Amino acid sequence: MTDAQAAAPGAASVRPIILDGTSAPTWAADASSRPDEDLLDGLNPQQREAVTYRGQALLIVAGAGSGKTSVLTRRIASLLRNREAWPSQILAITFTNKAAGEMRERVEHLVGDSARGMWISTFHSACVRILRREAEQFGFTKSFTIYDSGDSRALIKRLVKEHEADAFGLTPAATQSRISKLKNELADAESYARTANMSDPAERVFVELFAAYQRELQRANAFDFDDLIGQTVFLFRAFPQVADVYRRRFRHVLVDEYQDTNHAQYALIHELTRPPGASTGSATGGRPLAGSGGMMIFEAPSTGSGTGEEDGASLTVVGDSDQSIYAFRGADIRNISEFEKDYPGATVVLLEQNYRSTQNILSAANAVISHNFDRKDKRLWTDVGEGEKIIGFTGYSQHDEAQFVADEIEALRRAGVDYSQIAVFYRTNSQSRALEEIFIRSALPYKIMGGTKFYERAEIKDALAYLVAVANPADEMAMRRIINRPRRGIGDVTIETIARYAVDQQITFRDALANSSALGVGPKIQAAIAHLDAVLAEASEIMLPASGELAPPTAVADGLQLLLNKSGYYDALRASKDAQDEARIENLDEMVAVAREFARNNPEGTLLDFLTEVALVSDADDLEDASGSVSLMTLHTAKGLEYDAVFVTGVEEDLIPHRISAGEPGGPQEERRLFYVGITRARKRLYLSLAMTRAQFGEVTVAMPSRFLQEIPLELLHWRQSPGDVNSRGGTQSRALNARRGGFGGSGSGSGKRYGDDLVPLARREPTGNLERFANKIPSKVRDNGDMELAPGDRIRHEDFGDGRVDAVTGEGAKRVAHVRFDTAGPKKLLIKIAPISKL
DNA sequence: AAACATGGCCTTTTT
DNA sequence: GGCCATGTTT
């Protein structure tokens, strides 16, 4: 979004009619001609109310799958269609960038181009936009850097070391999380010091660290994630006239996922929706009127709306306290539960009808969540019918469990369910590995959502640090990161020499490089420094042309390419013998491609825009679609999404509920909500799976079924293989060696309440095998069958599945896939290159 | 300064 | 099982 759009009509001088929302909308008498009639099609009465209600404050309590996104987008569309608001007067906050993109798309679909100029973004993105404009007001520049948690951890680590804070038991991680929590409460080092017990030396050191951290951020012209929100609030409070600009501008503020807002975000919303004008009093503005034929007519400024004062923006929040899963990062459920107190006169609309899931899935969800004692009772219902039973499965190991998931996905696929309509959830990111291994072997297309891996790779962080060094020369962290990458023979001693020189001369670290001859370092090192300085200077000419000029769209990509080439970064990787460095080159090429893609999508995008996007949209998956692939993600990432078929894996004690949260106040309840969120993502089919053993950092541990499983009524759940089946004597057989059970093997024998019992039919079991064998049956060494020639009819032997016959071979080269019918394990697809198979 | 070896720690979830 | 920090060697 450009500033030109941001400054669309109505920003300060023009104000459209705000309907008096205490009673029925003004067009109610003439329903037939209202321009938003079609927006109400297919909505139930509560949803209609949520779309059409006009007033200062509206809380929409939206149960899972109750159509809240639809309601929210239609509400925005109706404001626009009825000419109650200009696009530029709408601020909609979502939780993720992905959700923001989808909402924008849906609103555009409803109202077309007039959606342009709306702010639909996350809290963080919105605050960046505000801060970039206003940074000069309080000691920053608009080219500030955004520190992600990795960056701030690195900085804190350095400070902890410098302050020798570890002697007081302050680890970098603990310090970082404490600072983050405090910032979420809008505390700073001074205000915290006033309440802290300063006779405790550890407290004193912490306060010192906190203050030093904040100083360093300011010096580097940088904000961390929490600052983006907190400093915006600070800005609004310290400069009311600045705040008023935004208060006048945003007349309709809508916040999704309100149950997951923290105090700082709550305060921000409060500041934004407060009546403007207290500081300047010049509350004037023309008003556009809805004219026939879509013409806008502007009324002369009038004296306000009755009271003589301007109202605050109207606020709409949407949330569901049963889906609050971010307390760990400061989300305060009271924001939603006390909304009516915070906004007297607020109206509440309840959406309880679910349009997503079958009754069986909903009943299970209701049953689980009802175990949370501290909630208002709310029951989701549907009229789509019972649907399939929930399928349970217990694997012998995480790989066995993963194999079940893979097999079942193939079965769904054969039954006509598209891969893109299937998702696999897990509690912790590390669980994805076992699934990935099996999926790769099974040639099952998948996509990991939300894992920020790409941008966390060292080479990508290096590339970004080069860009930051150009964009924000004050950022010493970035400079320190790149100064010896690639190796230039510049070690700690030289770095400290430069840093000292910079302090002495009162210049930045970056500028100190320009005086390499004055540093008193050896000639080789001096030349290396001068070269780096020259490369950075050349790059900034490309990416940051002199004021007035506009950089060409390709500037960022070109500049990055130049930096990587002339710095010697590419050369160093190419010269390396390490096989991994080849992949690093590919990643960097990918990074350049991302920059070019960005230029295509944002022809006017600057280097800063690019860095902002990368910092805030850091998971690349938000940008790509997952069409044709199964989606893998954590339960947290799953919030807000829905799929025809959902697998919730690792439903074990110590995983969900996670062992760390078990002891925390409110922890088990939050974990239950997390499980609830997972369940309610499913439209038609839900699978709950677990493993009896799980390898956690080398060690194999025995896992117990999650307590949450017992909260699901027996009749809703069909165990394909229950925990009891697996625990029974003789039950340590690998599933892979068993005949395919085809949906009747387990026969629902186990129950959620009889784990470990021995009363399970054993007929189909074979007597061999032991637990260790299955604990980790994936060899870590890379296998390469790339050359194996296979043709339909060939007999093969697989390490786990036994003998089978090749039905067909598809794909090319490294991606050749064998379709094999195993004598006992049934049909499988195998990636030939890596499958543990041999020809017979 | 760089390359290599060892030992400790760990893992919750994310903008 | 892997990351990171520290220590040792060249």
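Computed from a predicted model, the values in this text were never measured in an experiment. Chain A is the first sequence line, chain B the second, and so forth, proteins listed ahead of strands; every chain is numbered from 1.
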Taking [atom1] from [X] and [atom2] from [N], how many angstroms apart are they, rounded to a whole number?
| X | N | atom1 | atom2 | answer |
| --- | --- | --- | --- | --- |
| Gln265(A) | dT14(B) | CD | P | 16 Å |
| Gln259(A) | dT15(B) | CD | C1' | 15 Å |
| Gln176(A) | dT14(B) | CD | P | 15 Å |
| Arg129(A) | dT15(B) | CZ | P | 19 Å |
| Glu613(A) | dT15(B) | CD | C1' | 14 Å |

Is the closest side-chain donor-acceptor distance between [X] and [Y] under 3.5 Å?
| X | Y | answer |
| --- | --- | --- |
| Tyr569(A) | Asp462(A) | yes |
| Glu436(A) | Tyr446(A) | yes |
| Gln218(A) | Glu216(A) | no |

- Are Asp151(A) and Lys461(A) ion-paired here, with the side-chain N under 4.0 Å from a carboxylate O? yes
Using a strict threshold of under 4.0 Å (side-chain N to carboxylate O), is an ion pair present between Asp260(A) and Lys639(A)? yes
- Does the ring centre of His658(A) sit less than 6.0 Å away from the ring centre of Phe328(A)? no
| request: Give the intermediate values and the outcome of side chain to side chain donor-acceptor pair (under 3.5 Å) for residues Gln259(A) and Glu257(A). | output: CA-CA 5 Å; Gln259(A) 77 281 356; Glu257(A) 309 283 12; 2.9 Å; yes
P atoms of dC4(C) and dT13(B), separation to the nearest Å
15 Å
Ala703(A) meets the side-chain contact (heavy atoms from CB on, under 4.5 Å) criterion, sequence neighbours left out, with Glu652(A)
Taken in chain and number order and not counting sequence neighbours, the residues that satisfy side-chain contact (heavy atoms from CB on, under 4.5 Å) with Glu642(A) are Arg356(A), Arg683(A)
request  = Decide yes or no for Tyr246(A) and Leu91(A): does some side-chain heavy atom of the first lie under 4.5 Å from some side-chain heavy atom of the second?
outcome  = no
Using a cutoff of under 3.5 Å, can you pull out all pairs of nitrogen or oxygen atoms linking the protein to nucleotides 3-10 of chain C, with atom names and distances?
unit_1	atom_1	unit_2	atom_2	d
dA5(C)	OP1	Lys157(A)	NZ	2.8

Determine, step by step, whether Asp227(A) and Gln214(A) satisfy the side chain to side chain donor-acceptor pair (under 3.5 Å) criterion, reporting the C-alpha distance in whole Å, the side-chain angles of both residues, the deciding distance to 0.1 Å, and the verdict. CA-CA 10 Å; Asp227(A) 277 347; Gln214(A) 214 52 37; 3.0 Å; yes
Its dot-bracket string being built from Watson-Crick and G-U pairs below 3.5 Å, with | for another strand and [ ] for crossing, DNA chain B has the pattern |||||||||......
Taking Glu401(A) for its side chain and Gly650(A) for its backbone only, find out whether a donor-acceptor pair lies under 3.5 Å. yes
> According to the interplanar angle, ranging from 0 to 90°, do the rings of Phe675(A) and Phe708(A) count as parallel (below 30°), tilted (30 to 60°) or perpendicular (above 60°)?
Replying inline: parallel
Between the protein and nucleotides 1-7 of chain B, list the N/O to N/O atom pairs that are separated by less than 3.5 angstrom.
unit_1	atom_1	unit_2	atom_2	d
dA1(B)	OP1	Gly491(A)	N	2.8
dA2(B)	OP1	Gly489(A)	N	3.4
dA2(B)	OP2	Asn484(A)	ND2	3.1
dA3(B)	OP2	Arg487(A)	NH1	2.6

With 3.5 Å as the limit, what N/O pairs link the protein to nucleotides 10-13 of chain B?
unit_1	atom_1	unit_2	atom_2	d
dT12(B)	O4'	His658(A)	NE2	3.4
dT12(B)	O2	Arg427(A)	NH1	2.8
dT12(B)	O2	Arg427(A)	NH2	2.3
dT12(B)	O4	Glu664(A)	OE1	3.4
dT12(B)	O4	Glu664(A)	OE2	3.2
dT13(B)	OP1	Asn429(A)	N	2.9
dT13(B)	OP1	Asn429(A)	ND2	3.3
dT13(B)	O4'	Arg427(A)	NH2	3.2
dT13(B)	O2	Arg427(A)	NH2	2.6
dT13(B)	O2	His636(A)	NE2	3.3

